[in-house]
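Heads up, the thing below is written out as structure tokens.
As a basis for the values below, the full set of heavy atoms in this structure was taken, side chains included, without hydrogen atoms, waters or symmetry mates. This chain uses plain numbering: 1 for the first residue, then up along the sequence.
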Amino acid sequence: MPSRKPVDPAAMRAAVALVEPWLNDPAAAEPTRAELADAVRTSARTLAQVAPGSSVEVRVPPFVAVQCIEGPRHTRGTPPNVVETNSRTWLLLVTGQLELVDAIDSGMVTASGSRAREIDHWLPLV
């Protein structure tokens with residue numbers, strides 16, 4: 001897999017700031033697909049940048065899947081440690097408006113594997 005250009009922290013914060021009114025108020029106008037995709041992708045790739053590794057896969061369909069956190073490398077099939085959620089929930093985690101444990105307990109996030117919850121150490125990102 002080719003290496004990606006590093007995510008600029010200012011660009012990530014700006015992308016998330018664009019969708020923040022919708023995060024703060026679900027009744028607010030939903031961001032465009034491009035705005036939402038940019039916020040999700042840059043924030044997930046930032047997590048992969050600050051917590052490099054391949055032991056946990058974070059999935060936010062349909063926009064991104066990244067591997068992060070040092071440990072046993074995973075290369076084929078379904079990884080043993082997966083965190084998956086929707087865009088809004090991911091961005092609530094990224095901004096600190098939602099705690100990972102609460103999101104898992106409520107079913108907003110699925111986390112499988114013994115290391116999946118380790119992403120909590122790096123959240124929030126903004």
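Taking 4.5 Å as the limit, every side-chain heavy atom of Ser54 sits out of range of all side-chain heavy atoms of Glu70. Using a 4.5 Å heavy-atom threshold, the side chains of Val60 and Asn86 count as separate. Contact annotation: the side chain of Val56 approaches that of Val83 to within less than 4.5 Å [non-hydrogen atoms, C-beta and beyond].
In this structure, Val101 is not a member of the same hydrophobic cluster as Val82, with clusters built from ILVMFWY side-chain heavy atoms closer than 4.5 Å.
Partners of Ser43 by side-chain hydrogen bond (donor to acceptor under 3.5 Å, both in side chains), not counting sequence neighbours, listed by chain and number: Trp90. Partners of Arg115 by salt bridge (charged side-chain N to carboxylate O under 4.0 Å, His left out), not counting sequence neighbours, listed by chain and number: Glu118. In this view, Pro61 and Arg59, Glu84 satisfy the side chain to side chain contact (heavy atoms under 4.5 Å, CB included) rule, not counting sequence neighbours.
Residues Ser55 and Ile69 come closest through the heavy atom pair OG-O, 2.7 Å. The heavy-atom pair separating Val94 from Leu123 by the smallest distance is CA-CD2, 4.4 Å. Contact detail for Ala48 and Cys68: the closest heavy-atom pair is CA-CB, 4.0 Å.
The distance from atom CD1 of Ile119 to atom CG of Leu93, rounded to the nearest 0.5 Å, is 6.5 Å. To the nearest 0.5 angstrom, Asp120 atom CG is 4.5 Å from Leu100 atom CG.
Within the structure, the salt bridge (Lys or Arg N to Asp or Glu O under 4.0 Å) test picks out no pair touching residues 95-108 (sequence neighbours left out).
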Can you give the donor-acceptor pairs under 3.5 Å from side chains of residues 29-39 to other protein atoms, not counting sequence neighbours?
residue, atom, partner, partner atom, Å
Thr32, OG1, Glu35, N, 3.1
Thr32, OG1, Glu35, OE1, 3.4
Glu35, OE1, Thr32, N, 3.0

Distance-only criterion, 3.5 Å: show the donor-acceptor pairs between side-chain atoms of residues 9-25 and protein atoms not counting sequence neighbours.
residue, atom, partner, partner atom, Å
Asn24, OD1, Gln97, NE2, 3.3
Asn24, ND2, Glu20, O, 3.3
Asp25, OD1, Ala27, N, 3.0

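Between the Thr85 side chain and the Met108 main chain, a donor and an acceptor come within less than 3.5 Å of each other. Side-chain atoms of Gln49 come within 3.5 Å of backbone N or O of Val7 as a donor-acceptor pair. Judged by distance alone, the side chain of Ser112 and the main-chain N or O of Asn81 form no donor-acceptor pair under 3.5 Å.
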Practice problem: Verify side-chain contact (heavy atoms from CB on, under 4.5 Å) between Thr89 and Val109, making sure each step is shown before the conclusion. | Solution: CA-CA 8 Å; Thr89 301; Val109 170; 3.7 Å; yes
